[in-house]
Amino acid sequence: MADALALRADLVRADKEFLWHPYTPMGRYVAEVDPLVIERAEGARLFDVDGRSYLDANSSWWVATLGHNHPRLVAALARQAARLCHVSLAGVTHEPAARLAEELVSIAPRGLTKVFYSDDGSTAVEVALKLALQFWHNERRPERRRFVALDGAFHGETIGAASLGGVEVFRKPFAGVLLECIFVPPPGPSEASEAEGYARAFEALERLLREGSETIAAVVLEPLVQGATGMRMYDAAYLRHARSLCDRYDVLLVIDEVFTGYGRTGAMWACASAGVSPDIMCVAKGFTGGMLPMAATLASGRVYDAFLGPPEKAFYYGHSFCGNPLGAAIAREVLAIFREENILERAVPKVDKIARAFREMNAIAGVVRSRSLGMIGALDLSPGAGYLGELGWRVFAEARKRGAYLRPLGDVVYVAPPLTIADGELDLLLGIVEESVRAALGA
Ligand SMILES: *Cc1c(COP(=O)(O)O)cnc(C)c1O
């Protein structure tokens, strides 16, 4: 134990001296934060070198949909590593990349027939944006250059993907260099009524496309839930409306399933559950069950065909690790596990548990609004629930004492656990959320 504590202290020293953390005000981190020092993980649990364990309430930033170190994924990784770790996809192909593409298309929303690999959610979106821009270039409509996204959208961090980000603190430092993106109000409750909020959102998108479609390349949406801005959920009717407007005005529809894909909302793809097929779809995060960074952008035949013909029409884009055999082998095993272990059906009772728990927490004094969708439950601790809110962090501290890693989005407290979390652990987690919210609010 003394050794473990000495190791822990030394790792924290090295970390604070040399490491720059993502999304972190570093001055405050170095002065005040005692980080978890994770040594291993299994299922829904993270284990600190000090021997404590924590339920991973957000599947480690939404990636470990099948739990940590799933034995089948670990075995698939080892098998593939022994044969081929990497080779470029330049004039070369290999079994994991080719078979995975076929398997993805077979379960993708109808109409998506081609797969382009990249590294993570941001690059999957970057590929989608470049495909959309070059699609119109190849179609001799180069004036279609602008994108449309929702207020509060999050589509990743590269300059292109960040251009579509509607979370103000993430955007502000890059004003002036981002791509042109027009933001429309999300279909959420307005002050007056929910119905009015939807009507306003429909109308805004319709007006924009009616008046501006000639200069718009694509509408880009997170389907059914806007994750990073605070788990804002909206009705499938909006997606269907967006699809029909894009059809009417001949604008591409890009659906970003990076967070929602792989069963997070209860169905494999949120857009398909709404009856919507996009022209381009981005998948990452759950793609490898959180084992390795890898992603894909799926495209329709119409999009693909626009890149055929003379060489200058080709998509001159790629990354060193495009189609990485390790990632692809794991991604195939992820699909096999979904199929063979009935992951979606077996999550249904857990979906119900999350819904019930968050409905009940709505009654806690100080909770502004709670909601759930599939394997996501969320509640707001302040009316605006901004990303820089502090209340969520009080809940985080309380949950940590009780054995859960419950990282908030400002004043939004949420869970998005592995779909495979055991019933007993889910009960435990939901109990910790409730106790921690009460403790933090003094309710
Ligand atoms: C996380 C996320 C991204 C970015 O993915 P990274 O792997 O972090 O680059 C893009 N879109 C959505 C909807 C996301 O939730």
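Ligands are counted one by one from 1 in listed order, and the atoms in each one are counted from 1 as well. Predicted model, so just to flag it, every value in this text is computed and none were measured.
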*asked:* Would E157 count as a contact residue for ligand 1, given that I'm defining contact as a non-hydrogen atom of the residue lying under 4.0 Å from a ligand atom?
replied: no
*Taking atom CZ of R83 as the centre, report whether more than 12 heavy atoms of other residues, nucleotides or ligands fall under 6.0 Å from it.*
no
_Quick check on the 6.0 Å ring-centre criterion: do F358 and Y414 meet it?_
no
*Strictly under 6.0 Å, is that where the ring centroids of Y238 and Y198 end up?*
no
*If hydrogens are left out, which of A161, S122, A124 has an atom nearest to atom 4 (C) of ligand 1, that is, the closest non-hydrogen atom?*
S122
*Assess the pair Y23 and W61: is the distance between their ring centroids shorter than 6.0 Å?*
yes
*Which ligand 1 atoms, with their elements, are less than 4.0 angstrom from a heavy-atom of G156?*
4 (C), 10 (C)
*Does the side chain of K285 come within less than 4.5 Å of S59's, by heavy atoms?*
no
*For D120 and T123, test the side chains for any donor-to-acceptor distance below 3.5 angstrom and give the result as yes or no.*
yes
*Would you say W61 contacts ligand 1, with heavy atoms under 4.0 Å as the rule?*
no
*asked:* Polar contacts were defined as any N/O atom of the residue lying under 3.5 Å from an N/O atom of the ligand; does this apply to A284 and ligand 1?
replied: no
*Find all atoms of ligand 1 within a distance of less than 4.0 Å from any non-hydrogen atom belonging to W62, and give their numbers and elements.*
15 (O)
*Atoms of ligand 1 less than 4.0 Å from E222 heavy atoms?*
13 (C)
*Would you mind listing which atoms of ligand 1 come within a distance below 4.0 Å of any non-hydrogen atom of H155?*
10 (C), 11 (N)
*If you count the atoms of ligand 1 from 1 in the order shown, which ones are under 4.0 Å from a heavy atom of F259?*
15 (O)
_Test of proximity, K285 against ligand 1: N or O pairs below 3.5 Å_ = yes
*State the atoms of ligand 1, each with its element, that fall below the 4.0 Å cut-off from a heavy-atom position in D256.*
10 (C), 11 (N), 12 (C), 13 (C)
_Looking only at side-chain N and O atoms, does D48 offer a donor or acceptor that is under 3.5 Å from a partner on Y405?_
no
*State the atoms of ligand 1, each with its element, that fall below the 4.0 Å cut-off from a heavy-atom position in G121.*
4 (C), 5 (O), 6 (P), 7 (O), 9 (O)
*Would you mind reporting whether W20 and Y29 have side-chain heavy atoms less than 4.5 Å apart?*
no
